[in-house]
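So that we are looking at the same thing, I have put the structure below in structure tokens.
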Amino acid sequence: MKRRAAMFPGATLQEIAAMNDNRLIRPARADDLKGILAFQRAAIAAINPRTYSAEARDAWARLPAAGMQELVASGRYLVAEIGARLAGGAGWEPLDEPDQAAAVRAVFVHPDLHGRGLGARLVGAVEALIAAAGRRRILVPAALNTVSFYQRLGYVANEMAVAALDGADLRYRRMWKTAA
Ligand SMILES: CC(C)(COP(=O)(O)OP(=O)(O)OC[C@H]1O[C@@H](n2cnc3c(N)ncnc32)[C@H](O)[C@@H]1OP(=O)(O)O)[C@@H](O)C(=O)NCCC(=O)NCCS
């Protein structure tokens, strides 16, 4: 019997696993915002409470949608669409640094689809956009639950930092990679 991901009835897990190209990844549109916030909030809610407390996860999930709206409007946010639902997304922004660095932003995959290569493909697609924009150094402000994921993708862990959110401080690790 074919197993189906609970939130993605249009796609069997086998179909998702078999998607070995980037056809499902496209630039986000303004009308994707609701779907983007849905997979982001689901991904944050699924983070182990030993890594981030309920207060920290709630503060993170409450971040104003305006930031995402701006990122989408800039054309620098990609989404993965599976069976007419948004399954994940990732974006980037240029950094004002002398060496023309860029930062990866808002990488999230719906927890129903974790561990099937979608996160790696989204980050790979964003890295290609960064390289095409002529930027060579890539920063990831990595949530502590994602440090191993980014290490798998070739990022090197650097210093810890803290984001002061409304209601909680969120510790993260700055990680760097040179664009291909
Ligand atoms: C981090 C996240 C985007 C990864 O997406 P994903 O689709 O599950 O990741 P992939 O399946 O592409 O994994 C790629 C590789 O990283 C590994 N990996 C993924 N998550 C990992 C984790 N938390 N710890 C260790 N390794 C991990 C996978 O095993 C895989 O390794 P492989 O190439 O040897 O098979 C996803 O787990 C997520 O949305 N997490 C919660 C939200 C979050 O914290 N976002 C970060 C905001 S900065």
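Residues take their numbers from the sequence shown, with the count starting at 1. Read the numbers this way: they start at 1 and go in the same order the structure lists the ligands and their atoms. Computed from a predicted model, the values in this text were never measured in an experiment.
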### Query
Quick one: nearest non-hydrogen protein atom to atom 25 (C) of ligand 1, plus distance?
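Among all protein heavy atoms, the one nearest atom 25 (C) of ligand 1 is Ser148 CB, 3.3 Å.
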### Query
Which of the atoms in ligand 1, numbered in the order shown and given with their element, are less than 4.0 Å from a heavy-atom of Pro141?
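Those qualifying, in numeric order: 48 (S).
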### Task
Select one of side chain, backbone, both or neither to describe which atoms of Arg116 lie under 4.0 Å from any atom of ligand 1, heavy atoms only.
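Answer for Arg116: backbone.
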### Query
Can an N or O of Gly115 be found at a distance shorter than 3.5 Å from an N or O of ligand 1?
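So ligand 1 has an N or O lying under 3.5 Å from an N or O of Gly115.
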### Task
Identify, by atom number and element, the atoms of ligand 1 in contact range of Gly117, meaning under 4.0 Å from any of its heavy atoms.
10 (P), 11 (O), 12 (O)
### Query
To which of Val140, Val147, Ile44, Thr146 does the heavy atom nearest atom 1 (C) of ligand 1 belong?
Thr146
### Task
Using the rule that two of Ile, Leu, Val, Met, Phe, Trp, Tyr join whenever any of their side-chain heavy atoms come within less than 4.5 Å, decide whether Leu139 and Leu144 are in one cluster.
no
### Query
Is Leu78 reachable from Ile82 through a run of I, L, V, M, F, W or Y residues, each pair having side-chain heavy atoms under 4.5 Å apart?
yes
### Task
For atom 45 (N) of ligand 1, find the nearest protein heavy atom and state the residue, atom name and distance (0.1 Å precision).
Val107 O, 2.8 Å
#### Entry: Ala143, any N or O under 3.5 Å of ligand 1 N or O
no
### Message
Any atom of ligand 1 sitting under 4.0 Å from a heavy atom of Tyr150?
### Response
no
### Message
Any salt bridge linking Asp58 with Arg41? Criterion: basic side-chain nitrogen under 4.0 Å from a carboxylate oxygen.
### Response
no
### Query
Distance below 4.0 Å between atom 36 (C) of ligand 1 and any protein heavy atom?
yes
### Query
Atoms of ligand 1 less than 4.0 Å from Ala120 heavy atoms?
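Heavy-atom distances to Ala120 below 4.0 Å select 12 (O), 14 (C).
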### Message
Applying side chain to side chain donor-acceptor pair (under 3.5 Å) as the test, list every pair that has at least one member in residues 168-177; sequence neighbours left out.
### Response
Glu127-Lys177, Glu159-Arg174
### Task
For ligand 1, find out whether one of its N or O atoms is nearer than 3.5 Å to an N or O atom of Trp60.
no
### Message
Is there a polar contact, in the sense of an N or O pair closer than 3.5 Å, between Leu153 and ligand 1?
### Response
no
### Message
Quick test: of every protein heavy atom, which one is nearest to atom 39 (O) of ligand 1, and how far off is it to 0.1 Å?
### Response
Val109 N, 2.9 Å
### Query
Does CD belonging to Glu70 count more than 12 external heavy atoms closer than 6.0 Å?
no
### Close side-chain approach of Gln100 to Leu95, heavy-atom, < 4.5 Å
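Gln100 vs Leu95: side chains apart.
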### Message
Rounded to the nearest 0.5 Å, what separates atom CD in Glu55 from atom CH2 in Trp60?
### Response
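Atom-to-atom, Glu55:CD and Trp60:CH2 are 15.0 Å apart.
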### Task
Answer yes or no for atom 19 (C) of ligand 1: protein heavy atom present at a distance under 4.0 Å?
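Given the 4.0 Å cut-off, atom 19 (C) of ligand 1 counts as touching protein heavy atoms.
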### Message
As a check for students: among Phe108, Tyr172, Phe149, identify the option with a heavy atom nearest to atom 15 (C) of ligand 1.
### Response
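Nearest option to atom 15 (C) of ligand 1, by heavy atoms: Phe149.
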### Query
What closest approach, in Å, do Leu113 and Ala87 show between heavy atoms, and which atom pair accounts for it?
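Heavy-atom minimum between the residues: CD1-CB, 3.3 Å.
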#### Entry: Closest protein heavy atom (residue, atom, distance) for atom 7 (O) of ligand 1
Gly119 N, 2.8 Å
### Query
What atoms of ligand 1 come within less than 4.0 Å of a heavy atom belonging to Ile47?
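In order of number, 44 (O).
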### Query
Do Arg105 and Trp92 meet the cation-pi criteria used here (NZ or CZ under 6.0 Å from the six-membered ring centre, within 45° of the axis)?
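No - Arg105 does not lie over the ring of Trp92 by the 6.0 Å and 45° rule.
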### Best match, His110, Arg173, Arg152: closest heavy atom to atom 34 (O) of ligand 1
Arg152
### Query
When you look at CG of Asn48, are more than 12 heavy atoms from neighbouring residues, nucleotides or ligands closer to it than 6.0 Å?
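Yes, the 6.0 Å shell around CG holds more than 12 heavy atoms from other groups.
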### Task
Run through Val147, Thr146, Val104 and flag the one making a side-chain contact (heavy atoms from CB on, under 4.5 Å) with Tyr155.
Val104
### Query
Can you tell me how far the CE atom of Met68 sits from the CZ atom of Phe108, to the nearest 0.5 Å?
8.5 Å
#### Entry: Numbered atoms and elements of ligand 1 in range of Asn145, under 4.0 angstrom, heavy atoms
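Checking each atom against Asn145, I get 23 (N), 41 (C), 43 (C), 44 (O).
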#### Entry: Heavy-atom nearest neighbour in the protein, as seen from atom 38 (C) of ligand 1, with distance rounded to 0.1 Å
His114 NE2, 3.3 Å
### Query
Does Glu81 reach the side chain of Arg26, with side-chain heavy atoms less than 4.5 Å apart?
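When only atoms from C-beta onward are counted, Arg26 and Glu81 do touch, with a gap below 4.5 Å.
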